[in-house]
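Throughout, a chain's letter reflects where its sequence line sits, starting with A, and its residues are numbered from 1.
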Amino acid sequence: MDNFNMLMEGFATAAQPIYLLYALFGVFIGTAVGVLPGIGPAMTVALLMPITYSLEPTAAMIVFAGIYYGGMYGGSTTSILLNTPGESASIVTALEGNKMAKAGRGAAALATAAIGSFIAGTIATVLLTFLAPVIVDFAINLGPVDFVALMVVAFLTIGALLGGSILRGMASLVLGLFIGLIGVDDTTAQQRYTFGFPGLTDGIDVVLVAVGLFAVGEALYVAARMRKGPVEVMSMGSSSGNSAKWMSKDDWKRSWKPWLRGTFIGFPIGTVPAGGADVSTFLSYATERKLAKGKNKKQFGHGAIEGVAGPEAANNAAAAGVLVPLLTLGIPTTATAAMMLTAFQRYQIQPGPLLMETNGALVWALIASLYIGNLMLLILNLPLVGLWVKILQIPRPYLYSGILVFGALGAYSLNFATLDVVILLVIGILGFFMRQYGYPVAPMVVAMILGPMFEVQLRRGLQISQNDVSALVSTPFTWVVYGALVLMFVASFFIKRAQKKMESAPLEQIEENSQ
Amino acid sequence: MQTAQKNLGEVLFALVFVVLGVAGVIFAGTIEVPDLEFGMGPRAFPYIVSTLMLVIGAGLVFQALRGRLGAAEDGEDIDAEASTDWITIGKIALFVIIHILLIEPAGWPVAAAALFTGASWSLGAKPLWRSIMISVILALVLQYLFGGLLGVSLPRGPLLEGVEFLNG
């Protein structure tokens with residue numbers, strides 16, 4: 001009941017007119033930037049970081065909550081309306097959503113995505129509300145070696161399970177750990193890898209790395225092999241004559257179950273560091289395809305509404321799920337969560353088991369604004385589709401130049417030092433080569449944040465045990481965690497195999513149809 | 001298509017990890033260790049990370065030499081068939097450098113406008129006057145929003161010296 005009161009207080013804070021305005025601003029700008037092709041949610045948060053530099057913590061967190069959910073919404077709009085293959089996280093939505101848009105049912109696809117996202121987001125936020133305090137109660141008793149175990153799991157799943165190549169994922173991860181080492185050691189105040197440069201003693205800012213990898217790296221990569229010709233954006237269905245617009249009764253009937261199933265697939269996957277949105281959308285898609293019957297089943301690959309409703313719900317539920325380990329354990333499991341954590345740290349707020357005690361009011365205001373933001377997104381999204389379509393049509397040279405300018409602004413405004421923009425360019429070039437040679441960039445960002453935390457806990461743990469390494473597997477909790485890790489790797493092997501099979505099938509159909 | 005070239009690039013890029021790993025191990029030895037340290041000192045984790053990097057890098061070099069190449073990333077605006085256009089990349093990097101050199105002497109708005117104009121021209125935007133116009137408007141709007149409204153200290157530069165509402 002106490003938590004309920006805290007939540008109500010959170011609502012009282014978040015519902016103040018000025019904070020409502022901040023929330024509205026956050027969801028609007030988050031969606032607008034999220035709609036831009038090539039910009040995922042992590043890059044949205046990283047790029048928009050400077051906006052909050054001068055805001056007080058509560059306002060900043062509310063804006064970030066809006067940006068976080070807005071970025072998710074924006075991504076699905078892109079994949080439904082843009083006639084090109086998208087990022088991997090939303091590719092599942094693109095499979096069916098794009099076909100629906102081609103068949104003049106774009107509005108229905110967008111509607112089922114938006115409503116599904118709203119329902120999933122709301123249910124998942126409720127789950128977050130009730131789950132977070134329980135986990136905090138538990139986590140408060142965890143020792144350093146337990147945290148070491150949790151972070152080992154996070155490292156291995158993020159580095160090895162995501163992406164196609166284990167070695168490349170791990171290379172990206174270790175590079176992030178390495179960059180995280182630069183600067184003054186937290187425990188002994190010794191300089192490490194600074195080579196006497198005063199500019200390096202504070203370390204390299206993770207915002208710089210994220211913006212460099214995501215914004216500059218992406219801009220350079222697109223520049224290297226840009227799709228020529230006009231941008232093809234789907235029409236909204238009215239031009240083809242038949243006024244098939246909104247969702248029909250049948251669409252509703254076919255959507256609500258996938259929405260709920262997607263939610264309960266997405267949320268648990270989001271809470272454990274098992275791959276985030278990517279895995280959950282795929283699992284939801286596979287489930288819907290399996291469960292569909294008769295002529296609905298035949299529609300898969302040609303624009304089945306279940307194939308949009310389920311994965312979109314799963315995607316948003318996973319996004320809320322990711323906040324559970326972030327807020328209760330202080331462990332980010334996706335690049336987006338790592339960015340959120342950075343935003344917290346700028347205000348000297350350290351997420352972790354103590355967060356709800358020390359900054360309870362702030363956390364509950366954040367959670368309350370998640371509910372509010374979600375509702376705003378539902379209301380905003382459908383009427384504003386016309387605007388999003390306009391944004392999608394921005395000529396690419398201007399779009400990527402704008403991203404570069406904004407990235408440079410973010411880098412410079414960190415410390416008002418041109419050296420930071422130089423580092424930005426260097427990291428951007430690194431990001432280009434990583435994309436070119438198939439290295440995922442997200443593990444690097446997460447590792448930069450997690451690395452220093454991991455080292456502190458590891459050293460603390462070994463100090464308590466007086467350098468006895470077996471202490472690392474001495475508590476029952478660590479046994480459970482390492483056991484789960486083994487299971488996860490076995491499961492991922494099967495999921496990956498199924499995913500490969502699934503992905504090759506519908507893509508072939510797409511190619512057949514377009515010829 | 002260009003496999004040999006891409007192959008070489010991958011080997012070289014993987015070698016960067018090996019080199020970093022070696023350098024990391026060497027320089028980890030130069031980190032000072034305070035006398036009264038027990039438990040893991042400040043060197044241990046750098047040693048672990050650098051060694052891992054070395055091992056993974058070696059594995060990647062080995063894979064690349066055997067012809068197991070990475071899959072280049074996909075994206076909405078990526079033409080998977082196109083070959084890498086190094087000249088455009090070079091141009092854009094050059095304009096970022098120009099931007100860096102301009103920030104302090106000429107002010108942020110001028111530097112930002114130069115970056116936008118240069119980058120969009122490199123990416124094939126036509127005509128040039130439109131890029132310049134958009135860049136000037138964008139730079140002024142951003143300077144006003146961040147410098148004027150949000151109080152971020154962006155230098156407005158000598159050109160806009162007297163314009164108070166753009167003050168960073």
K.L.:
Most heavy-atom pairs under 4.5 angstrom with chain B, which of A/S401, A/A411, A/G402, A/G438?
P.N.:
A/S401
K.L.:
Tell me which of these, A/V421, A/T194, A/L399, has more heavy-atom pairs under 4.5 Å with chain B than the rest.
P.N.:
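Looking at each of A/V421, A/T194, A/L399 in turn, A/V421 comes out on top.
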K.L.:
Applying side-chain contact (heavy atoms from CB on, under 4.5 Å), run through A/R459 and B/F45 and close with a yes or a no.
P.N.:
CA-CA 9 Å; A/R459 282 162 80 169; B/F45 198 53; 5.8 Å; no
K.L.:
Count the heavy atoms of every other residue, nucleotide or ligand shown that sit under 6.0 Å from CG of B/L65, and state whether that count exceeds 12.
P.N.:
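Enclosed.
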K.L.:
Compare every heavy atom of A/T418 with every heavy atom of B/E104, then report the nearest pair and how far apart it is.
P.N.:
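For B/E104 and A/T418, the tightest heavy-atom pair comes out as OE2-CG2, 4.0 Å.
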K.L.:
Which region of B/L60, side chain (C-beta onward) or backbone (N, CA, C, O), has a non-hydrogen atom less than 4.5 Å from a non-hydrogen atom of chain A, or is it both or neither?
P.N.:
both
K.L.:
Check each atom of A/Y412 against the heavy atoms of chain B and say whether the ones under 4.5 Å are side chain, backbone, both or neither.
P.N.:
side chain
K.L.:
Is any side-chain heavy atom of B/F13 closer than 4.5 Å to a side-chain heavy atom of A/L430?
P.N.:
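In short, these two side chains touch, coming nearer than 4.5 Å.
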K.L.:
Checking B/S135 against chain A: side chain, backbone, both or neither under 4.5 Å from a heavy atom?
P.N.:
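Neither part.
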K.L.:
Heavy-atom count around A/Y22 OH within 6.0 Å, excluding the residue itself: above 12?
P.N.:
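No.
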K.L.:
Quick one: what part of B/I89 sits under 4.5 Å from any heavy atom of chain A, side chain, backbone, both or neither?
P.N.:
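Both backbone and side chain.
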K.L.:
Please look at B/I87 and chain A and tell me whether the side chain, the backbone, both or neither of the residue comes under 4.5 angstrom of a heavy atom of that chain.
P.N.:
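Contact with chain A: none, neither part.
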K.L.:
What residue in A/L181, A/V216, A/D185 has the most heavy-atom pairs under 4.5 Å with chain B?
P.N.:
A/L181
K.L.:
Counting only non-hydrogen atoms closer than 4.5 Å, does B/W108 touch chain A with its backbone (N, CA, C, O), its side chain (CB onward), both, or neither?
P.N.:
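Looking at B/W108, just its side chain touches chain A.
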K.L.:
Identify which part of B/A14 has an atom lying under 4.5 Å from any heavy atom of chain A, answering side chain, backbone, both or neither.
P.N.:
both
K.L.:
Where do A/P397 and B/A125 come nearest, in terms of heavy atoms and distance?
P.N.:
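In this case the closest contact between A/P397 and B/A125 is CB-CB, 3.7 Å.
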K.L.:
Which distance, rounded to the nearest 0.5 Å, do you find between the CG of A/L173 and the CD1 of B/I56?
P.N.:
7.5 Å
K.L.:
Atom CD1 in B/I48, atom CG in A/L458: separation rounded to 0.5 Å?
P.N.:
6.5 Å
K.L.:
Does any heavy atom of chain A fall under 4.5 Å from the side chain of B/I100, the backbone, both, or neither of them?
P.N.:
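Both backbone and side chain.
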K.L.:
Side chains of A/L175 and B/M53: closer than 4.5 Å at any heavy-atom pair?
P.N.:
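They are in contact (side-chain heavy atoms under 4.5 Å apart), so the answer is yes.
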K.L.:
Could you tell me which portion of A/Q190 (side chain, backbone, both or neither) has an atom closer than 4.5 angstrom to a non-hydrogen atom of chain B?
P.N.:
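Side chain only.
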K.L.:
Step by step, work out the side-chain contact (heavy atoms from CB on, under 4.5 Å) result for B/L154 and A/L409.
P.N.:
CA-CA 9 Å; B/L154 296 174; A/L409 168 68; 3.6 Å; yes
K.L.:
Looking at B/G24, is its backbone amide N or carbonyl O close enough to the side chain of A/Y193 to form a donor-acceptor pair, meaning the two atoms are under 3.5 Å apart?
P.N.:
yes
K.L.:
Heavy-atom distance under 4.5 Å to chain A: side chain of B/A28, backbone, both or neither?
P.N.:
both
K.L.:
Does B/P42 offer a backbone N or O that forms a donor-acceptor pair with the side chain of A/R192 under 3.5 Å?
P.N.:
yes
K.L.:
Taking all atoms of both residues into account, what is the closest heavy-atom pair of A/A408 and B/L115, and its distance?
P.N.:
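Smallest interatomic distance, heavy atoms only, reads CB-CD2, 4.1 Å.
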K.L.:
Check the pair A/F432, B/T84 against side-chain contact (heavy atoms from CB on, under 4.5 Å), reporting the backbone distance first and the verdict last.
P.N.:
CA-CA 11 Å; A/F432 164 77; B/T84 309; 3.9 Å; yes
K.L.:
Please report the closest heavy-atom contact between A/L404 and B/A119, naming both atoms and the distance.
P.N.:
CD1-CB, 3.8 Å
K.L.:
Among B/I97, B/I92, B/T117, B/I103, which has the most heavy-atom pairs under 4.5 Å with chain A?
P.N.:
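The option with the most such pairs is B/I103.
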K.L.:
Using side-chain contact (heavy atoms from CB on, under 4.5 Å), reason through B/L123 and A/V222 one step at a time and then give a plain yes or no.
P.N.:
CA-CA 9 Å; B/L123 289 168; A/V222 171; 5.8 Å; no
K.L.:
Is chain A contacted by the side chain of B/F17, its backbone, both, or neither, given a heavy-atom distance below 4.5 Å?
P.N.:
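Side chain only.
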